[in-house]
Amino acid sequence: MTTSRFYPLLRLDALNSFVVLAIALFSALTIIYSLKFIKEKRLQYYTYIILTAFASIGVVLANNLILLLVFWGFLGLTLYLLVSMGQGSTDAAKKTLIIVGGSDALMLLGVAIIYFLTDTFYLDAIRLEFNSSLAVISYICIALACFAKAGAIPLHTWIPDAAKSAPAPVAAFLPASLDKLLGIYLLARLNLDLFTMNTAMNTFLMVIGAVTIITAVMMALVQHNLKRLLGYHAVSQVGYMVLGIGTGNPIGIAGGIFHMLNHAVYKSCLFFTAGNIEYRAKTSELDELGGLAKLMPVTYISCLVASFSISGVPPFNGFFSKWMIYQGLVTQLQSADYRIQAINILCLAAAMFGSGLTLASFMKLIHAAFLGQPNNALIRRSLQGGHKDEVPFSMWLPPLILAVICVVFGVFAYQIPLRVFIFPAVPGVDFIGTWFAGLSTLLIASGLVLGLFIFRSRGLGSFIRQDAAFMGCEPEDLDKHRITGIEFYNTIKEYGILKGIYQKAESGVYDIYEQVKKVLSGAGRFLQYLHNGVLPSYLIWALLGMIGLFLILMKG
Amino acid sequence: MKLLLSYLIFPGFLFSACIGLFAGWVDRKVTARIQYRVGPPWYQNFMDIVKLLHKEIIIPEGARLTFLFAPFLGLLSVVLMSTILGRSLNIYASGFSGDLIVIVYLLVMPAIAMIIGASSSENPLASIGASREIKAVLAYELPFILSIIAIIVKSGGSIRIGSILNHQAFAGSNIASFSGALAFIVVLFSIQAKLCFVPFDASEAEQELMAGTLIEYSGLPLAMFKLTKAILLYALPVFLIVLFMGKDISPIFLIGKYILILVSIILIKNTNPRLRIDQTLRFFWGPMAVLAVLALGLTLFGL
């Protein structure tokens, strides 16, 4: 492929070719989805979407650091414009622009240092060792830019806000899929090609990954807004990718990259279904939803599959990539140094428990939005509107396609995604375990078929009767006894030390953006105090300054 | 075909269900003896299942597919789990590597099935049961995973059941070391909670929630949940034996150890009052997690 006309500037290899494919797929699905969803400012919207897709492909193909930087910066701009198209999203868009744009500056610094060290901008010519502090700084700068884009701790805070207030297809397109693909792609490129990783750097990545997994998912547990909840999960899953890449052995890295691909699939699917819910119910607050499974069966099934997938339930795709990451961690356990071992163990525990927490939070989502007791007002409204069935065709098709991909990538993981996409990109993957996903699924499916067969043949169908649900000898009153599901985890919120942490987290103590804002506005207030607009005080300042100046000059 | 047979008959569905139902009888009998009652005859649990199969299936209004699908999901995944477990117990080499993690994940499935089924029934009591169930899952999963990792480290970083057994055959049972004993205690309690037995049965509390998660189930779906529970009652203690007492697993020893664990689970069940769900959370994230971390620390020093 090096014979291409564009060669020194653009380059296509095993690592970026499937990312380009994925970007194209998600762009197409987002555009299909938006046909019905976006009603205002269509021209601007589609222009931004197409520009974003173009610039993303540019980032992935770029073989020149300057070119990459330009595309990367351009993406920050389109991200800002797209997020600000949501209603009341000015603050979130500003936050996004400041965090992502600020990290672009870090990346510029990193690129400059790399040029200083190697005298070249071409990615395939760079190969750095961590032998000087400058190399370390440049790596950390670019890695931080990746973290901000993909949304790892500590630069993740724009994602939940942007996810909540941006239009749903935008949330599905950028924070959920493209930004993850780009951020993690660049991180993988750094680790595989640009730098020779050492143990300390890998450990740094692993710790960041593990912390991201746990903190973000703990925040997701207590959210009340559907899209914000999904936003926190978008952060938490980045932790798995960073953790996988941080293990530094081929299977872990392959797992991390595979998880990136899987995450883009199921998270876009989830945001699309969230959009469907918003479209129907006109709200994304969980306590106003309920019982939508009846109204929107296709959306429900897609959402269920994607939820299982993100929680790592076998045999869906999320399980497979998480399992590869665990294998990467377990391989590291054979290391001789007991400190490395201890860190590995902690990361393994964080990763495994994190997926339990993810599952819990999605059970809450499924209960609150699709099952549970229906919100009578909502059901009534949608019955009155005369559209008690599914959302339009162009809106349920994209999530359904993605849900099917979730199943296919999980069941035929070896045959399709790993063999075609991942193994060429990461040389030397050595499985210490093989999980016959296809076979197990076959067994489960045959069991299901057999069960249904017995069910039919005995004519049990006639035994089924529907009846009202009773409570205390009376038919239940849903308006009075409704359990919305948002209070599921209040026990955890009240648990010992977590209580204080949650309170602080909700008031933004752990949000870098809020802290920096506080410092800046403090400084601003001081300056404001000085500029009080009273002429005599300005004169006094001028006089004092002159005296000071004189004193210095007299001395000289 | 052979695989399908092993999935459906031995050591899969039929075998594990029979053993599990029989163990269920042991549970009822011992409980009865502790309470100075006579207890049911040995075939009582089998009769219960057969009876349930003949009953009418009543579905609450509004719920349909998910409500009927959930018991299938739970049953099929525990059957898969017990097949994997049984096969790797039979011939060490037949398990695939990484089966330990698959089993750990499949063990969560019955709880998920229970939660989805309960929430689709639209009954507020079932919703409360579901919320307690998922909180219990969160509670016991943390110390459970930590202890499993302790075992992985002890066996030299292996996540294959066959090689964990092999390792124990040479180096002695895991329970015979300090860290192993601590982890064993933790996993024993986690199993108690996974089986939804007193003191961790807040999600099915008969007195306050009227069986909570199961409240709307009847007939065949209820029988499937009962079978799921029965298979878990067989598979979980065996899993415990494999992880902790795997030095000698010839049939006689296996049965002896199984009965030992079964009886201790039943004794815990019968001598404790039910915990509130926040107490359960506190118990597992407090003392149990500390014990598990301690066990992990000790394994690092090879104790």
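Side chains included, hydrogens not; waters and symmetry mates left out as well; all remaining heavy atoms used. Each chain gets a letter, A, B and so on, in the order the sequences are listed, and its residues count up from 1.
- Interface remark: A:F353 contributes backbone and side-chain atoms alike to the contact with chain B (heavy atom separation under 4.5 Å).
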Scan the side chains in residues 72-85 of chain B for donor-acceptor partners under 3.5 Å anywhere in the protein, sequence neighbours excluded, and list what turns up.
unit_1 : atom_1 : unit_2 : atom_2 : d
B:S77  : OG     : B:L73  : O      : 2.7
B:S77  : OG     : B:G74  : O      : 3.2
B:S82  : OG     : B:S16  : OG     : 3.4
B:S82  : OG     : B:V79  : O      : 3.1
B:T83  : OG1    : B:V79  : O      : 2.6

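- For A:W323 and A:F320, the ring centers sit closer than 6.0 Å to each other.
- Judged by distance alone, the side chain of A:Y240 and the main-chain N or O of A:A351 form a donor-acceptor pair under 3.5 Å.
- You'll find the side chain of B:E141 reaches within 4.5 Å of the side chain of B:K194, heavy atoms only.
- When heavy atoms are compared at a cutoff of 4.5 Å, B:M224 does not approach chain A at all.
- Proximity to chain A is absent for every atom of B:I148, based on heavy atoms less than 4.5 angstrom apart.
- Residues passing the side chain to side chain contact (heavy atoms under 4.5 Å, CB included) test with B:L296 are A:I345, B:L146, B:I149, B:A150, B:T299, sequence neighbours excluded.
- Only the side chain of B:V108 comes within less than 4.5 Å of a heavy atom of chain A; its backbone N, CA, C and O stay farther away.
- Contact tally against chain A (heavy-atom pairs below 4.5 Å) for B:L138, B:D278, B:V153: the top residue is B:L138.
- The part of B:V104 that comes within reach of chain A is its side chain, from C-beta onward, which places non-hydrogen atoms under 4.5 angstrom from that chain.
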